[in-house]
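On a predicted model such as this, the values are computed, not experimentally measured, just so you know.
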Amino acid sequence: MAFSPSAPSPSTPPLQLPHRLDTIRSMDELKQIQAAVLKTPSLQSPPVLAKILSFCALSSSPHIAHARSLLAHIDNPSLLMYNTVFHSLSRSNRSLVSISIMFYEDMLEKDLRPDSFTFPYLLKLFANSQALQAGEALHAHAIKMGLDANVYVRNNLMSLYAVCGEVRSIQKLFDGFPEKDLVSWTTLISGYTKAGLAKKAVKVFEEMMSENLRADGVTMVAVLSACAELGDLELGRNLHRYIGARQIDMDVFVGNALVDMYSKCGDVDSAYQLFNEMPVRNVVSWNSIISGLVNNKEFKQALELFRQMQRQGIEPDPFTLVGALNSCASLGALELGQWVHAYINRNGIEADGITGNALVDMYSKCGRIDRAKEVFGGMAHKDVYTYTSMIVGLAMHGRGEEALELFAAMSSAGVKPNEVTFVGVLSACSHAGLVDVGLRHFESMSAVYGLVPQIEHYGCVVDMFGRAGRLDKAQDLISSMPMEPDAFIWGSLLGACRNHGDVALGETVAKLLLDVEPQEEGAYVLMSNLYTAGNRRSDGLRMRKAMRANKVRKTPGCSLIEIDGVIHEFRKGEELHPQAKEVYAMVDEFAHRLNIDSSQDEARHHSERLAMAFGLIGSRPDTPLRIVKNLRVCHDCHSVIKYVSRLYNREIVLRDRYRFHRFKNGWCSCNEFW
DNA sequence: ATAGGGTTAG
C-alpha cells in the first residue's frame, strides 16, 4: 500500500491537513505539514499537534529535538495538548519513558500544572515499560500536587506497582485512602496474583465480598486467574456459579478465564465443554483450550483442535504454535511438527524466543537432534530455556560430551544455568558414564552457582553411581541427602542392583521402595527380574504372586508411532487397532525368526513391539521408524529391536521414558548403557 | 481525553 488513490496531492488545501496526518510517511512530508500548521493558528488543535509530536516520538529514529522545537514555536500550548500527546504515546508498546519525561519537563517549564489526566497517561506509559523509578518520581509529584488521592491517579499508580511486582506499595495505596472503587479492588487482586500470591488475592476477593461490593467481569477474570494458579477446583466452581447468579456478562475474557481455570484445576472436560459453548471465541480462547489439553496430557485432542482452528480460518499466534509444538514433542509427531515449522517459515514468524525454544524441544523429542541443533544455531536470542532444552535433548540422545560442551558454551555466553539445566547436565553425565565429571558438576551447583540441589539432582547422581556399579557410593549419597529419599531414588538404586545382580542389597532396597509406594509395580517387577537372573526362579514367581495378591497398580505400556502424519497408538496386549491381526502375526514372526519360545516370552506383546511391527507393515522401507514409549524399554524388547533393525535393514528410533535408542544394523546407540 | 482482565517452554 505504498500509494493510495485517495492520498491527497501536494496541492491539497491546508485546511484538510488533519486528514493527511494519518498517512504521514516521512520526515520531509511531516516538515511540510508542520510549516503549514505553524502559519495557521487555527490548525494548532490538540489532536493535530499530538499527531505530529507522536509521529516524531514514535518514528524508528525519534526526532525529539524537532518535536520540542515545534512545541516551543507554538504560543501558549495548552495542558490539553500535552495530555493528548501523553495519551497517544501511552498507547504505544515502545519504551518512550525518557521521551515523555522530556515532554513532561517542557510542560512544567511552561508553567503548566499536570492534572488528573496527565498522571494516568504517564503512569500507564511507565507501566508499559515497567519503569518503576520514573513511576515513583511521578508518584512523588502527584503527592506534591495533591492529586494522589484522585481515584484515577491512585488506581494507575497501583497498576504500575502491580506490573513492577511491588505488592506492598499497592496495598499501601489501597489502604491509605477511603475512596476505593471496583477498579482499585481488582487491581489489588491482580497485583497479588502477578506477584505469585494467589492465596492472598483470593482473600482480598473474599474481603471485597464481605463488604457487599458487586464484582464485574474484570474482577472475576482477576480472581479466576488466582484460582487457576491455586488449582482450586472447588473455588473455581463457586466463582463460576457466582458469575451465573449475579448475571455477570460472560464476555470472551470471562469465558477464556473460565476455560483456563478449569483446565489448570485439572477438569479439562468442563474446560472443553465451556469452550464449545462460548458464543464468541478469539485466538486466546483457542490457545487456552489447546494449552489446557496439553497440560492435561491430551495431546492428540490438542492437535485436533489445532487443526480445527486452521479449518475455521483462525490465524495461530506464537502461543498457539507453542501449544501445537509441545503436543508434537510429547507424541513424537515429527511430520506435524515439521509442518508447524514450515508454517512458521512461510508466515515470516521468527523462529526465536519461545517459538524457537519450542522448536528445539520438538525436534529433539521427535528424534531429530540434528534439526534441533540447526534451529538452535539459528536463534539470535538464546536464554536459559534455549540452552536447557538443547542440553536435555543432547543428553536424551546419549550425546553426553556434546551436552557438556554446550554447557561450557552457555557459561561463556553469560547465560546462568538453573536447576533444570543441571538435571540435563547430570543426566548427560549419567547416560555417558562420566561419573567423575558428573560429580564435579554436582558439587559446582551449589559452590559456583548458588543453587540448592533438589531430590532430582540427587537422583541423577545415584543413577550415575548405580550405572557405574558403584552401589556403595550410591548408598552413601542417599544417606547423606538432606531430604527423605523418594520412590525415584530407591527405584534407581534397585534398578542398579538388578543390573549388577546384587540380590542382597536389592531385597533391602525393595522393602524401602515398597514403604514409599506400596501400590506400584516397580519394586515387584525389578525384584522378580533380579531373582530370576540370579537363578532364584521360585522367589521370582513369589514376587509375581505377591504382586497379584496385593492388587498392585500397573502403568500400562503404551507406544506411539506416526505414519504419514497419523499417530497410531498401541497398548500392551491390546488388539484394538484395525490392523491388529497383521500386527500380531508380524510380532510372532520376530519371535519365530529369533528362535524365541513364545510361551516363555513375557514381553512378546509389549507395546513397542506392536508399534514396530505396524511400522514395518505400514511405512515406506527407506524411512526410519520412530516410536515413543511411555515406560522404559525392557531388556528383552531391546534385544528384539536390535535384531529386527538388522533383519529388516531399518533404522529404528525409540524414545522411552528416559532417553533415545537409535537401532541400526543390530546395534543400539545406547551401547547397552541405559 | 483517564484506571483493573485471558493464553507461552526446559
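- Between A:Ala372 and A:Tyr363, the shortest heavy-atom contact is N-CB, 3.6 Å.
- At a threshold of 4.0 angstrom between heavy atoms, the contacts of A:Thr84 with the nucleic acid are absent.
- When each of B:dT7, B:dG5, B:dA9 is scored by its nearest atom to the side-chain atoms of A:Val254, the top-ranked nucleotide is B:dG5.
- Taking the centre and axis of the six-membered ring of A:Phe376, the NZ or CZ atom of A:Lys382 falls inside the cone set by 45° and 6.0 Å.
- Against DNA chain B, the stretch residues 380-387 of chain A makes heavy-atom approaches under 4.0 Å through A:Asp383, A:Val384, A:Tyr385.
- Residue contacts shown for A:Gly323 are absent, as no nucleic acid heavy atom lies under 4.0 Å away.
- Rounded to a whole Å, the NZ atom of A:Lys124 is 12 Å from the C1' atom of B:dA1.
- Checking B:dA9, B:dA3, B:dG5 against every side-chain atom of A:Ser190, the shortest atom distance belongs to B:dG5.
- Backbone-only contact: A:Asp361 has heavy atoms under 4.0 Å from sugar-phosphate atoms and none from a base.
- The side chain of A:Phe117 has B:dA1 as its nearest neighbour among B:dG5, B:dA1, B:dG10.
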Going through the checks in order, is the side chain to side chain contact (heavy atoms under 4.5 Å, CB included) test met by A:Phe126 and A:Ile101? CA-CA 10 Å; A:Phe126 293 166; A:Ile101 290 176; 4.0 Å; yes
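- Counting any heavy atom pair closer than 4.0 Å across all strands shown, A:Leu182 reaches a base atom.
- Between the C1' atom of B:dT8 and the CD1 atom of A:Ile344 lies a distance of 13 Å, rounded to the nearest Å.
- Checked by distance alone, A:Asn83 brings a side-chain donor or acceptor within 3.5 Å of a matching partner on the base of B:dA1.
- Between A:Lys194 and B:dG4 there is no side-chain polar atom (N or O) within less than 4.0 angstrom of OP1 or OP2.
- Atom OH of A:Tyr363 is separated from atom P of B:dG10 by 17 Å (rounded to the nearest Å).
- Qualifying side chain to side chain contact (heavy atoms under 4.5 Å, CB included) partners for A:Phe488, counting only residues two or more places apart in sequence or in other chains: A:Asp486.
- Atom-to-atom, CZ of A:Arg154 to C1' of B:dG4 comes out at 13 Å; the value is rounded to the nearest Å.
- Between A:Phe442 and A:Phe422, the distance from one ring center to the other does not fall under 6.0 angstrom.
- Checking B:dA1, B:dG5, B:dT7 against every side-chain atom of A:Phe319, the shortest atom distance belongs to B:dT7.
- Which of B:dG5, B:dA3, B:dA9 sits closest to the side chain of A:Asn155 comes down to B:dA3.
- Set against B:dA9, B:dG10, B:dA3, the side chain of A:Val392 has B:dG10 as its closest nucleotide.
- The aromatic rings of A:Tyr121 and A:His87 sit parallel to each other, their planes meeting at less than 30°, with 60° as the upper class boundary.
- Within the 4.0 angstrom heavy-atom criterion, only backbone atoms of the sugar-phosphate kind lie near A:Lys264; the bases stay farther away.
- The phosphate of B:dA9 has neither OP1 nor OP2 within less than 4.0 Å of any side-chain N or O from A:Ser389.
- A:Thr187 comes within contact range of the sugar-phosphate backbone alone, with a heavy-atom separation under 4.0 Å but no base atom that close.
- At whole-Å resolution of the value, CG in A:Leu406 and C1' in B:dG10 are 13 Å apart.
- Protein atom CG of A:Leu125 is 13 Å distant from nucleotide atom C1' of B:dT2, rounded to whole Å.
- Counting only heavy atoms from C-beta on, A:Asp181 has its side chain closest to B:dA3 among B:dG10, B:dT7, B:dA3.
- Atom CZ in A:Arg659 sits about 20 Å away from atom P in B:dG10, given to the nearest Å.
- Which of B:dA9, B:dG10, B:dA1 sits closest to the side chain of A:Lys365 comes down to B:dG10.
- Panel note: side chain A:Ser92, backbone A:Ser88; no donor-acceptor pair is recorded below 3.5 Å.
- Heavy atoms of A:Asn418 sit under 4.0 angstrom from at least one base atom.
- Looking at heavy-atom distances under 4.0 Å, A:Ser116 makes contact with a base.
- Distance from the side chain of A:Val284 is smallest to B:dT7 among B:dT2, B:dT7, B:dG5.
- The nearest whole Å value for the distance from the CZ atom in A:Phe177 to the P atom in B:dA3 is 20 Å.
- A:Asp361 and A:Ala329 make their closest contact through OD2-CB, 4.1 Å (heavy atoms, listed as atom of the first residue, atom of the second, distance).
- Counting atom types as modelled, A:Asn156 pairs no side-chain N or O with a base atom of B:dA3 as donor and acceptor under 3.5 Å.
- Partners of A:Arg241 under the side chain to side chain contact (heavy atoms under 4.5 Å, CB included) rule, at least two apart in sequence or in another chain, are A:Arg237, A:Asn238.
- Using a 4.0 Å heavy-atom criterion, one finds that A:Leu258 contacts no nucleic acid atom at all.
- Considering only side-chain atoms of A:Thr219, the nucleotide from B:dG4, B:dA1, B:dT7 that sits closest is B:dG4.
- Between A:Phe306 and A:Trp286, the ring center distance fails the sub-6.0 Å criterion.
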